[in-house]
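Single-structure report; data block below.
Every heavy atom of this structure was used, including side-chain atoms; hydrogens, water molecules and symmetry mates were not.
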Amino acid sequence: MNDRMMKAVLYDRYGGPDVLYTGRVPRPEPAPGEVLVKVRAFSVNGGELAVRAGRLRLLSGRKFPKRAGLDFTGEVAALGAGVTRFAAGDRVWGVLGRTSGFGSAAEYVTVPAERVGRFPDGLDLVDAAALPVATTAITALRDKAGLRPGERLLVRGAAGGVGNAAVQLGRAYGAEVTALARAANLDFVRGLGAHKAVDHRTVRPAELGRFDVVLDTAGTDLRAFRRLLNPGGRMVTIAFDLERPAASLGYLAASTVHGHGRVRFFSGNPTRADFDDLARHVVEGKLSPAVDTVFPLEETAAAHRALEAGGVQGKYVVRVA
């Protein structure tokens, strides 16, 4: 077999999960400042589902084939010029940066060294793939919201990838955590540390009470959840309404100057320092990986289909043989 080629998940048109297939592409070589990682596992993220479906085609364009996969765990296989922090064989996790797009659903990936961190000893390579997205929860609660001990935290989408990490971190940071999730997932989020778990399908936002911090992972009904903020409260969202993107983004912009409580919107773009912080949280017992199901690389489409169906508890992870 030609060792200059590798397996990768590709798609040649926008559409449902069935457009994904496993093909062969040239194996990348690390440029200066990059590391080449032999990928062991990656997780499926909501943002890449939206891109694959063509909902963001104005940004993603019409050049095909396109690649899948945003985060990864694996071992350093080679170093680009100037990289001294890592050595071949180091076990690492990372997230492709905003300018890199997708591509971790493959046997190898190159990534800037500042987008990679070592992960703790004793943590399984596959289980660890559920955690890179937790850097988004860390940034949201620590930096964007400034969550403090004793405050009331509402996590919307608490059973998902970012949400489950936010529940765990909120409890560890000393907040009183209310978790919104499906009825079938309420025991799961209680097990993560939520003080109160609520079925989002049976309770209206106005019935939830008041909060100091609201972390939203859905991007819909932002106005209703913003009204739940106490004076001085902060709301952070990592999503916008894909069915009404212009109106949703317009509301986010307007919230900075109108009404009570700004809604802070951001997308995760972690650096090495964030991964070092993530590793510290794991070692200190503040965070544990929550893996729903593990799929083989050739069944990445099934993992996408499962995430679209809803009801995930933690993360769907794909193992790369």
Side-chain angles (χ1 to χ4, degrees), residues 46-47 133-183 185-186 188-190 192-245 247-268 286-287 290 310 312 314:
V133 72
T135 56
T136 299
I138 293 172
T139 301
L141 297 180
R142 180 195 63 195
D143 301 335
K144 303 297 182 180
L147 181 67
R148 297 184 291 269
E151 291 192 314
R152 297 196 70 213
L153 167 66
L154 175 66
V155 179
R156 189 180 180 207
V162 174
N164 91 83
V167 170
Q168 295 182 64
L169 289 169
R171 182 67 183 249
Y173 292 166
E176 180 186 329
V177 182
T178 296
L180 280 180
R182 293 186 176 196
N185 293 339
L186 297 184
F188 169 70
V189 295
R190 289 189 190 101
L192 297 172
H195 295 86
K196 185 177 182 180
V198 180
D199 180 0
H200 73 92
R201 293 181 172 179
T202 61
V203 176
R204 294 176 300 173
E207 299 171 335
L208 292 169
R210 309 289 288 186
F211 298 90
D212 302 294
V213 173
V214 174
L215 174 56
D216 169 74
T217 68
T220 57
D221 300 323
L222 297 180
R223 191 185 307 273
F225 285 95
R226 183 186 180 192
R227 293 193 183 107
L228 306 184
L229 292 175
N230 284 321
R234 292 85 68 200
M235 180 171 171
V236 180
T237 183
I238 61 169
F240 59 90
D241 190 345
L242 293 173
E243 300 299 326
R244 302 168 60 246
S248 183
L249 291 171
Y251 177 74
L252 289 170
S255 78
T256 65
V257 293
H258 295 292
H260 166 61
R262 172 186 173 186
V263 182
R264 298 163 174 86
F265 169 72
F266 80 104
S267 60
K286 295 178 181 177
L287 266 176
V312 64

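Residue Ile238 is tested with Asp216, Val133, Thr136, Thr139 for a side-chain contact (heavy atoms from CB on, under 4.5 Å); the sole match is Thr136. Checked against Leu154 for a side-chain contact (heavy atoms from CB on, under 4.5 Å), the options Leu228, Leu229, Val213 give a single hit: Leu228.
Legend: residues meeting side chain to side chain donor-acceptor pair (under 3.5 Å) with Arg204, ordered by chain and number and at least two apart, are Glu207. For the side chain to side chain donor-acceptor pair (under 3.5 Å) test, residues two or more places apart in sequence or in another chain that qualify with Asn185 are Gln313. Residues satisfying the salt bridge (charged side-chain N to carboxylate O under 4.0 Å, His left out) criterion with Lys286, sequence neighbours excluded, are Glu284.
Salt-bridge check for Asp212 with Arg152: failed, with every basic side-chain N at 4.0 Å or more from each acidic carboxylate O.
Minimum heavy-atom separation, Val214 to Phe211: CG2-CB, 4.2 Å. The minimum heavy-atom distance linking Ala290 with Phe188 is given by the pair CB-CZ, 4.0 Å. Closest of all the heavy-atom pairs between Leu287 and Ala134 is CD1-CB, 4.0 Å. Here the shortest heavy-atom pairing between Leu141 and Ala166 reads CD1-O, 3.7 Å.
No hydrogens or angles considered: nothing links the side chains of Arg226 and Thr237 as a donor-acceptor pair under 3.5 Å.
In terms of modelled atom types and a separation under 3.5 Å, the side chain of Arg234 and the main chain of Gly146 share a donor-acceptor contact. For the pair Arg156 (side chain) and Thr217 (backbone), a donor-acceptor distance under 3.5 Å is absent. Between the side chain of Arg210 and the backbone N or O of Arg227 there is at least one donor-acceptor pair closer than 3.5 Å.
The shortest distance between side-chain heavy atoms of Val167 and Asn164 does not fall below 4.5 Å. Put simply, the side chain of Val263 does not reach to within 4.5 Å of the side chain of Phe225, judged on heavy atoms.
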Subject >> side chain to side chain contact (heavy atoms under 4.5 Å, CB included) between Leu169 and Ile138, intermediate numbers included >> reply: CA-CA 7 Å; Leu169 289 169; Ile138 293 172; 3.5 Å; yes

